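Because the structure is a prediction, the values reported are computed rather than measured.
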Amino acid sequence: MTQFASYKDRNFIAVIGDEDSVTGLLLAGIGHVNGPKKNFLVVDQKTPISKIEDTFIEFTKNKEIAIILINQHVANDIRQLLDDHDQAFPTVLEIPSKDHPYDPEKDSVLKRVQRLFGE
């Protein structure tokens with residue numbers, strides 16, 4: 001068995017973001033509901049940070065999720081959790097939203113790449 005054999009079962013993309021981003025990605029076909037478990041979380045101003053943190057942790061422990069997409073403005077609310085996530089899978093990618101443009105200075109993946117190359 002190769003090192004990557006356990007990753008072949010990671011078939012899902014999870015998303016944490018605002019309503020527009022999540023709706024668009026669900027319409028594109030990434031939605032998966034298994035009983036009470038979903039692979040998405042819609043975040044608005046009323047969503048407690050603890051709910052975002054719990055969902056992120058749940059997604060990182062889920063062996064079926066390969067990629068977690070998270071709006072960058074939501075990622076800023078749980079930045080320490082993102083910075084502490086050091087596993088290859090699931091890969092965490094920060095994406096812009098309609099109301100919040102992408103800022104490469106805040107992207108944790110980009111920061112890691114820059115450190116790797118000594119920038």
Legend entry - Test log, rule side chain to side chain donor-acceptor pair (under 3.5 Å), inputs Asn76 and Gln72: CA-CA 6 Å; Asn76 290 336; Gln72 191 174 53; 5.5 Å; no
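- In the hydrophobic cluster analysis, where Ile, Leu, Val, Met, Phe, Trp and Tyr join through side-chain heavy atoms closer than 4.5 angstrom, Val74 is grouped together with Ile65.
- Between Ile70 and Val15 there is no side-chain heavy-atom pair separated by less than 4.5 Å.
- In this structure, Val33 is not a member of the same hydrophobic cluster as Leu41, with clusters built from ILVMFWY side-chain heavy atoms closer than 4.5 Å.
- Follow the hydrophobic side-chain contacts under 4.5 Å out from Val43 and you reach Val92 in the same cluster.
- Contacts classified as side-chain hydrogen bond (donor to acceptor under 3.5 Å, both in side chains) and involving residues 21-41 (residues at least two apart or in different chains) are given here: Asp18-Ser21, Ser21-Asn71.
- To the nearest 0.5 angstrom, Phe59 atom CZ is 8.5 Å from Phe40 atom CZ.
- Ile16 is not connected to Leu93 by any chain of hydrophobic side-chain contacts under 4.5 Å among Ile, Leu, Val, Met, Phe, Trp and Tyr, and they are in different clusters.
- With sequence neighbours excluded, the residues forming a side-chain contact (heavy atoms from CB on, under 4.5 Å) with Ile13 are Ile30, Ile67, Leu69, listed by chain and number.
- For residues 73-82, the set of pairs meeting the salt bridge (charged side-chain N to carboxylate O under 4.0 Å, His left out) definition, not counting sequence neighbours, comprises Arg79-Glu94.
- Atom OG of Ser97 and atom NE2 of His73 lie 4.5 Å apart (nearest 0.5 Å).
- Asp83 pairs by the side chain to side chain donor-acceptor pair (under 3.5 Å) definition with nothing, not counting sequence neighbours.
- Note that the OH atom of Tyr102 and the CD1 atom of Ile95 stand 11.5 Å from one another [nearest 0.5 Å].
- With sequence neighbours excluded, no residue forms a side chain to side chain donor-acceptor pair (under 3.5 Å) with Asn62.
- Taken to the nearest 0.5 Å, the OG1 atom of Thr60 stands 5.5 Å off from the CD1 atom of Ile68.
- When hydrophobic side chains of Ile, Leu, Val, Met, Phe, Trp and Tyr are connected at separations under 4.5 Å, Leu27 ends up as a singleton with no cluster partners.
- In this structure, the separation between CG on Asn11 and CD on Glu64 is 7.5 Å, given to the nearest 0.5 Å.
- Annotation: side chain to side chain donor-acceptor pair (under 3.5 Å) contacts of Asp86 (sequence neighbours excluded): none.
- For residues 40-59, every residue pair satisfying the side-chain hydrogen bond (donor to acceptor under 3.5 Å, both in side chains) rule, not counting sequence neighbours, is listed here: Asp44-Thr47.
- The cluster map of Ile, Leu, Val, Met, Phe, Trp and Tyr, joined by side-chain heavy atoms under 4.5 Å apart, puts Val42 and Ile49 in different clusters.
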